[in-house]
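Worksheet for the structure shown next.
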Amino acid sequence: MSSSDFIRDKIKADIESSKFGGRVHTRFPPEPNGYLHIGHAKSICLNFSIADEFGGSCNLRFDDTNPDAEDADFVDAIQEDLAWLGFEPNGEAKYASDYFEQLYTWAEDLIQKGLAYVDDQDAETISANRGGFTTPGVDSPWRERSVEENLELFRGMCAGEFDDGAKVLRAKIDMQHPNMHMRDPVLYRIKRAAHIRTGNDWVIYPTYDFAHGQSDAIEGITHSLCTLEFDDHRPLYNWVLNNLDLPHEKPEQTEFARLNLTHTVMSKRILRQLVEDGSVDGWDDARMPTLRGLRRRGYPPAAIREFIDHIGLARVDGTNEIELLESFVRTSLNKTALRRMAVLDPVKVIITNWPEGKTDLREAVNNPEDADAGTRSVPFTGELWIEREDFSLDPPPKYYRLTIGREVRLRSGYFITAQDVVTDDDGKVVEIHCTYDPETAGGQAPDGRKVKATIHWVSAEHALDANVHLYERLLTEALPGKDGQEILASLNPESRKTVSAKLEPILADVEPGQVVQFERLGYFAVDLDDTSLFHRTVGLRDEWARIQKRQNNQNKQKNQKKNKGRAPIS
RNA sequence: UCGCGGGUAGUUCAGUUGGUAGAACACCAGACUUUGAAUCUGGGGGUCGCAGGUUCAAGCCCUGCCCCGCGAGCCA
């Protein structure tokens, strides 16, 4: 079912020409320095799906070449999130650090070939001498050391004879190269830091550019897929591999555009800031774009996968609408989520002609999209909660829910007609007095009269209390940081609203993480830790909201026109 | 400023060897409906970045220009 794109086209061509003997082997290479987010999901889906489609496999490899940044906790978290998304890596997780020994040997090979040298300049000097976009770099004074001297020095680096930062190993390529990454890039640096896997075994660590391609090669990766910002690294990727004796065919790097979403930040730095300043509860807050956040929010992994599959692949940087992702979430949940009734903003309905003390057990369909989901029974009594919005004393145009004198259907219940209300001192409705028609138990009136609306309800006597988190966009700006503004400038202080809701009794029996549909409201996920807390995953499409919005816009335009007409002519 | 990569509906992407520009989501309208949901049907939407050139014919080929992204870590 997968669409065709430039990467799949290339792989098909490679298979036909048997470039890698027809093999396809990909990898997902996260650095264990943070939690996975929806942006990573694109890379994950891409690498795993492609392997699957072409009968290959996909490795999970931790790119752990920088002990300063990495933490073992993330290794576990990443594997959990990957499993949650529904992917199983080929064999055990791999680590770039598994190859430190081989990488070291290769570094000596390069020195032997006269293609690498030890540089005594400090970081600032190296940076200054690299030149700029318009100015060529200048050669290091240590560039022409002999092979023997380089070898001895490099071994000394490895043996811990020099201070951190005192020396580096550099590739000897071309300080005049138009591509900055080719101006004698650093291959090894001295860093006395405990590594998550190798502890204090090493004091020198390879850079990304001296580890990634070789790791690919060692694992027999054929197609090394990465994001566009590595485009400039490709010549270096190839240079390194071309100068080494590889155990397999040389892998090929291909770049694609990373995922951007409206109203969303993907930057780890900014996400950390949100966590640290308390704007969100943590990395797994339901408003975070992390996989853990989306999981708490109730996003089905399948919806994420289908979304990624749908948006396709290109080399064009762009931004997808978050609404598109949400539409995949709805489509997925519509088919699977059990329907339940919950009232988020309750107002009391008294049925005046209901037999005193009677409880009627109503049979309600669990999921109209899935006959196998069966039915449940819901207690109905003479005192109910309904949604405050479903009653109006002064109904706006096109409003067709409950209002005085009008009849509506209670879902899976009876037709009721509002007769009267009780208000408090502020005029706020506190009780709606209604009559019901016992003949409408089947959901239809025997005389064939129709009602325009069906509303949901919960028996007051049987209602469960629960907290529900309602979410708005974390960032109100579609493109945060657009036009040079602060990325968090549009941080929404009201991105989460908690309401105490009334639930039908069967909702006592839910699993952590389960997502149900509160009828007419949206999809709601049971919290992972507290089953009396629900998170609004995503609302239902809301035609009424749209009607109101349109009316508001029309009014606004009318006012603007009026004002324009009145504007003085200067 | 230099190098690289890009530019096709609101958004994300298709577009074969040059032959009347497509899809999905979004938007609008209608049908159906015990969720103003879902489902179904239909509709509006485009100076193919701009300007030249080649050609009977250019989104596609050629030239020039414009705009956007990335790049000067001992981060990945």
Side-chain angles (χ1 to χ4, degrees), chain A residues 3-5 29-31 33 63-66 68-70 96 119 121-124 126-137 164-165 167-170 177-183 185-191 204-205 207-209 211-212 226-235 255 257 259 262 268 307 310-321 323-328 330-331 334-335 339 341 364-365 368-369 398-401 409-413 415 440 442-444 451-456 478 517-522 539-547 550:
Chain A
S3 42
S4 142
D5 54 64
E31 185 185 16
N33 71 341
D63 228 332
D64 55 348
T65 56
N66 183 5
D68 288 339
E70 294 142 14
D119 194 342
Q121 298 178 113
D122 62 24
E124 297 81 72
I126 289 178
S127 176
N129 288 346
R130 185 148 31 226
F133 296 143
T134 52
T135 49
D164 287 16
K167 292 181 175 7
V168 290
L169 184 72
R170 288 231 258 171
H177 200 106
N179 181 338
M180 286 289 180
H181 297 285
M182 297 296 269
R183 319 244 263 225
V186 171
L187 269 20
Y188 264 96
R189 65 286 216 199
I190 304 172
K191 218 185 252 282
I204 58 169
Y205 291 95
T207 55
Y208 166 86
D209 288 307
H212 202 91
C226 61
T227 44
L228 247 25
E229 66 265 31
F230 290 100
D231 188 282
D232 284 350
H233 293 249
R234 185 165 12 111
E255 311 83 23
L259 173 69
T262 54
K268 268 179 205 164
F307 165 73
H310 178 264
I311 59 175
L313 265 188
R315 285 183 64 85
V316 199
D317 255 316
T319 303
N320 283 90
E321 288 168 346
E323 289 83 356
L324 181 58
L325 209 207
E326 291 178 335
S327 112
F328 276 86
R330 284 195 195 96
T331 303
N334 177 49
K335 285 175 278 190
R339 311 293 131 122
M341 289 197 285
V365 171
E369 305 286 324
K398 291 187 184 165
Y399 182 90
Y400 53 75
R401 285 113 90 177
R409 175 168 36 230
L410 293 177
R411 172 122 243 223
S412 310
F415 285 15
T440 54
Q444 305 284 353
V451 289
K452 273 284 250 186
T454 301
I455 65 175
H456 59 275
Q517 185 193 96
F518 289 169
E519 290 216 45
R520 305 207 306 129
L521 296 174
L540 256 24
R541 261 178 103 241
D542 189 346
E543 184 59 28
W544 175 241
R546 236 174 280 207
I547 290 169
R550 239 173 286 153

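So you know, we letter chains A, B, ... as the sequences are listed, proteins then strands, and number each from 1.
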[X] vs [N]: side-chain N/O to OP1/OP2 distance below 4.0 Å:
| X | N | result |
| --- | --- | --- |
| Thr65(A) | A76(B) | yes |
| Arg550(A) | C27(B) | no |
| Gln517(A) | A37(B) | no |
| Arg330(A) | A38(B) | no |
| Arg130(A) | C74(B) | yes |
| Arg189(A) | A76(B) | yes |
| Arg315(A) | G5(B) | no |
| Arg541(A) | A38(B) | yes |
| Ser127(A) | G73(B) | yes |
| Lys191(A) | C75(B) | yes |

How far, in whole Å, is [M] from [N] if one measures between their [atom1] atoms?
| N | M | atom1 | value |
| --- | --- | --- | --- |
| G45(B) | A29(B) | P | 16 Å |
| C68(B) | G59(B) | P | 26 Å |
| U54(B) | G64(B) | C1' | 15 Å |
| A51(B) | C70(B) | C1' | 28 Å |
| C27(B) | A38(B) | P | 10 Å |
| U8(B) | A14(B) | P | 11 Å |
| A24(B) | A9(B) | C1' | 12 Å |
| C13(B) | G73(B) | C1' | 35 Å |

query = Between the side chains of Gln121(A) and Asn129(A), is a donor N or O closer than 3.5 angstrom to an acceptor N or O?
reply = yes
With both distances under 3.5 angstrom, what nucleotide forms a Watson-Crick or G-U wobble pair with [N]?
| N | answer |
| --- | --- |
| U54(B) | none |
| A21(B) | none |
| G44(B) | none |
| G71(B) | C2(B) |

Measure [atom1]/[X] against [atom2]/[N] and give the value in whole Å, please.
| X | N | atom1 | atom2 | value |
| --- | --- | --- | --- | --- |
| Arg546(A) | A26(B) | CZ | C1' | 9 Å |
| Asn320(A) | G10(B) | CG | P | 16 Å |
| Asp317(A) | C4(B) | CG | P | 18 Å |
| Glu326(A) | A24(B) | CD | P | 21 Å |
| Leu259(A) | U12(B) | CG | P | 11 Å |

message = Judged by each residue's nearest nucleotide on RNA chain B, which is more toward the 5′ side, Phe518(A) or Pro29(A)?
response = Phe518(A)
inquiry  = Nearest heavy atom decides the nucleotide; on that basis, is Gly413(A) or Ile311(A) closer to the 5' end of RNA chain B?
reply    = Ile311(A)
inquiry  = Centroid distance below 5.5 Å plus an interplanar angle below 30 degrees: do Phe133(A) and G3(B) meet both conditions?
reply    = no
Check every strand shown and say whether [X] touches a base, only sugar-phosphate, or nothing at a heavy-atom separation below 4.0 Å.
| X | answer |
| --- | --- |
| Gly132(A) | base |
| Phe230(A) | base |
| Ala123(A) | base |
| Thr135(A) | nothing |
| Glu31(A) | sugar-phosphate |
| Asn33(A) | nothing |
| Leu521(A) | nothing |
| Pro30(A) | nothing |
| Tyr399(A) | base |
| Val168(A) | base |
| Tyr205(A) | nothing |

task = Go through the steps for Arg520(A) and Thr454(A) under the test side-chain contact (heavy atoms from CB on, under 4.5 Å), then give the verdict.
result = CA-CA 9 Å; Arg520(A) 305 207 306 129; Thr454(A) 301; 5.6 Å; no
Report the distance from atom [atom1] of [X] to atom [atom2] of [Y], rounding to the nearest 0.5 Å.
| X | Y | atom1 | atom2 | value |
| --- | --- | --- | --- | --- |
| Ile455(A) | Glu519(A) | CD1 | CD | 12.5 Å |
| Arg170(A) | Thr207(A) | CZ | OG1 | 11.5 Å |
| Arg183(A) | Arg130(A) | CZ | CZ | 8.5 Å |

Side chain of [X]: nearest nucleotide among [options]?
| X | options | result |
| --- | --- | --- |
| Ile126(A) | G5(B), C74(B), A76(B) | C74(B) |
| Ile547(A) | U1(B), G36(B), C13(B) | G36(B) |
| Thr207(A) | A76(B), A37(B), G5(B) | A76(B) |
| Arg411(A) | A38(B), U34(B), C25(B) | U34(B) |
| Ser327(A) | A76(B), C25(B), U12(B) | C25(B) |
| Asp232(A) | G36(B), G5(B), C70(B) | C70(B) |

message = Ignoring hydrogens and geometry beyond distance, is the side chain of His233(A) in donor-acceptor contact with the base of A76(B) at under 3.5 Å?
response = yes
message = To check you understand the geometry: which heavy-atom pair defines the closest contact between Lys335(A) and Thr331(A), and what is its length?
response = CE-O, 3.2 Å
task = Show your reasoning for whether side-chain contact (heavy atoms from CB on, under 4.5 Å) applies to Arg339(A) and Glu369(A).
result = CA-CA 10 Å; Arg339(A) 311 293 131 122; Glu369(A) 305 286 324; 4.1 Å; yes
ask   = Is the shortest heavy-atom distance from the side chain of Trp544(A) to the side chain of Arg401(A) under 4.5 Å?
value = yes
Syn/anti state of G52(B) by chi, 90° boundary around 0 = anti
